[in-house]
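Reckoned from all heavy atoms, side chains included, excluding hydrogens, waters and symmetry mates.
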Amino acid sequence: MDLAKSGIKILVPKSPIKSRTAVDGFQNESPEKLDPIEQGQEDTVAPEAAAEKPVGALLGPGAERARMGSRPRIHPLVPQVSGPVTAAMATGLAVNGKGSSPFMDALTANGTTNIQTSVTGVTAGKRKFIDDRRDQPFDKRLRFSVRQTESAYRYRDIVVRKQDGFTHILLSTKSSENNSLNPEVMKEVQSALSTAAADDSKLVLLSAVGSVFCCGLDFIYFIRRLTDDRKRESTKMAEAIRNFVNTFIQFKKPIIVAVNGPAIGLGASILPLCDVVWANEKAWFQTPYTTFGQSPDGCSTVMFPKIMGGASANEMLLSGRKLTAQEACGKGLVSQVFWPGTFTQEVMVRIKELASCNPVVLEESKALVRCNMKMELEQANERECEVLKKIWGSAQGMDSMLKYLQRKIDEF
């Protein structure tokens with residue numbers, strides 16, 4: 001039989017690599033899925049997983065640089081190596097085609113005649129690995145990215161950004177509405193402040209995500225628990241408030257607050273415990289404690305009379321008068337008011353100016369201003385929480401809060 005006339009073609013592979021089957025569309029695979037070294041994976045790949053991929057398809061091509069200044073991604077085409085492939089073997093790859101490695105030896109053993117061609121990905125451009133970067137200075141942008149990622153899984157109700165010279169804490173509550181405060185939110189803020197107190201931050205910027213700064217206590221959360229055991233839950237809530245407020249009283253570094261919207265109840269009463277308060281023109285301030293059916297908190301019984309006088313303080317704490325941003329600035333509750341369109345820019349310019357100052361000067365200056373107030377504020381906080389515990393533990397206090405919530409529902 002004449003094979004030439006029959007049309008049958010006989011293909012003879014020239015090398016073990018060329019005789020293998022290629023996978024269509026493999027080059028479009030995402031580099032993130034194919035480069036375990038880039039993702040910091042040092043675990044051994046199981047032989048079964050390696051066997052599922054065809055030879056010549058262990059790593060995909062490409063040298064796209066990762067973000068934040070990390071090394072380029074290397075994706076050479078290599079033959080399959082017997083046994084498990086580890087990250088340690090990968091770091092043995094030669095740079096610019098020099099030296100030897102387990103992968104290079106495997107290529108030679110499999111009969112590859114042109115090693116330089118088979119590892120084109122290694123020789124293209126500058127190839128640097130993690131070991132080559134140990135002596136280089138650490139990229140600050142990468143450190144910032146790591147801290148952002150850490151914040152994402154550590155906190156649910158706040159966002160923490162570590163920036164040059166300061167820590168930015170933003171209220172962004174998922175467990176409550178309108179950035180209101182429950183024990184979980186308060187604990188997260190306390191944790192972020194404790195971290196900022198211990199690291200190299202010179203000051204803290206406190207703000208909020210959205211159009212509301214803080215609506216005070218989360219009464220819906222509180223009432224749900226009061227129905228189970230009123231005395232126990234009222235004690236727990238009062239204790240949570242006491243610890244939260246004491247964290248602000250005892251914090252040694254300056255706290256700057258950017259009020260982007262309404263600040264109500266505890267969200268307004270903690271402002272005098274901070275050092276500088278900047279407000280959006282659209283912000284307003286109110287402490288309608290009698291409407292809530294509770295007594296004042298956040299050391300407002302001491303700080304409000306100090307900064308705005310007894311008459312204005314009583315008007316806010318007893319009758320719940322609402323102050324505009326300009327009125328609050330006139331009474332000393334707010335330092336400056338900025339136009340909404342440029343509010344963020346104005347705040348960040350001033351924050352960066354403060355963050356450029358000597359941290360010792362900032363901390364000592366705050367200590368001099370607050371030196372005679374710490375004990376007085378702690379005692380006021382203790383008194384206020386004891387009264388709150390008493391009111392919340394009574395049936396009358398419970399009824400007052402329920403009536404308030406019912407009015408809000410009717411208004412809605």
Residue pairs meeting ring-ring contact (aromatic ring centres under 6.0 Å, His included), one or both in residues 298-333, sequence neighbours left out, come to none
Salt bridge (Lys or Arg N to Asp or Glu O under 4.0 Å) filter on K331, not counting sequence neighbours, yields none
Those residues at least two apart in sequence (or on a different chain) that pass side-chain hydrogen bond (donor to acceptor under 3.5 Å, both in side chains) with E184 are Y221
| said: Parallel, tilted or perpendicular: which one describes the rings of Y289 and F292, with boundaries at 30° and 60°? | reply: perpendicular
Sorted by chain and residue number, the salt bridge (Lys or Arg N to Asp or Glu O under 4.0 Å) partners of E177 (sequence neighbours excluded) come out as none
For N178, the side-chain hydrogen bond (donor to acceptor under 3.5 Å, both in side chains) test, sequence neighbours excluded, returns none
Those residues at least two apart in sequence (or on a different chain) that pass salt bridge (Lys or Arg N to Asp or Glu O under 4.0 Å) with R242 are E239, E382
Sequence neighbours excluded, the answer for salt bridge (Lys or Arg N to Asp or Glu O under 4.0 Å) partners of R230 is none
side-chain hydrogen bond (donor to acceptor under 3.5 Å, both in side chains) filter on K253, not counting sequence neighbours, yields none
Residues 222-243 vs ring-ring contact (aromatic ring centres under 6.0 Å, His included), sequence neighbours excluded, gives F222-W392
Can you list, pair by pair, the side-chain donor-acceptor contacts under 3.5 Å of residues 351-360, counting residues two or more places apart and other chains?
residue	atom	partner	partner atom	Å
S356	OG	E353	O	2.6
N358	OD1	V360	N	2.9

E363 meets the side-chain hydrogen bond (donor to acceptor under 3.5 Å, both in side chains) criterion, sequence neighbours left out, with none
Side chain to side chain contact (heavy atoms under 4.5 Å, CB included) filter on K366, not counting sequence neighbours, yields F251, I255, D275, R370
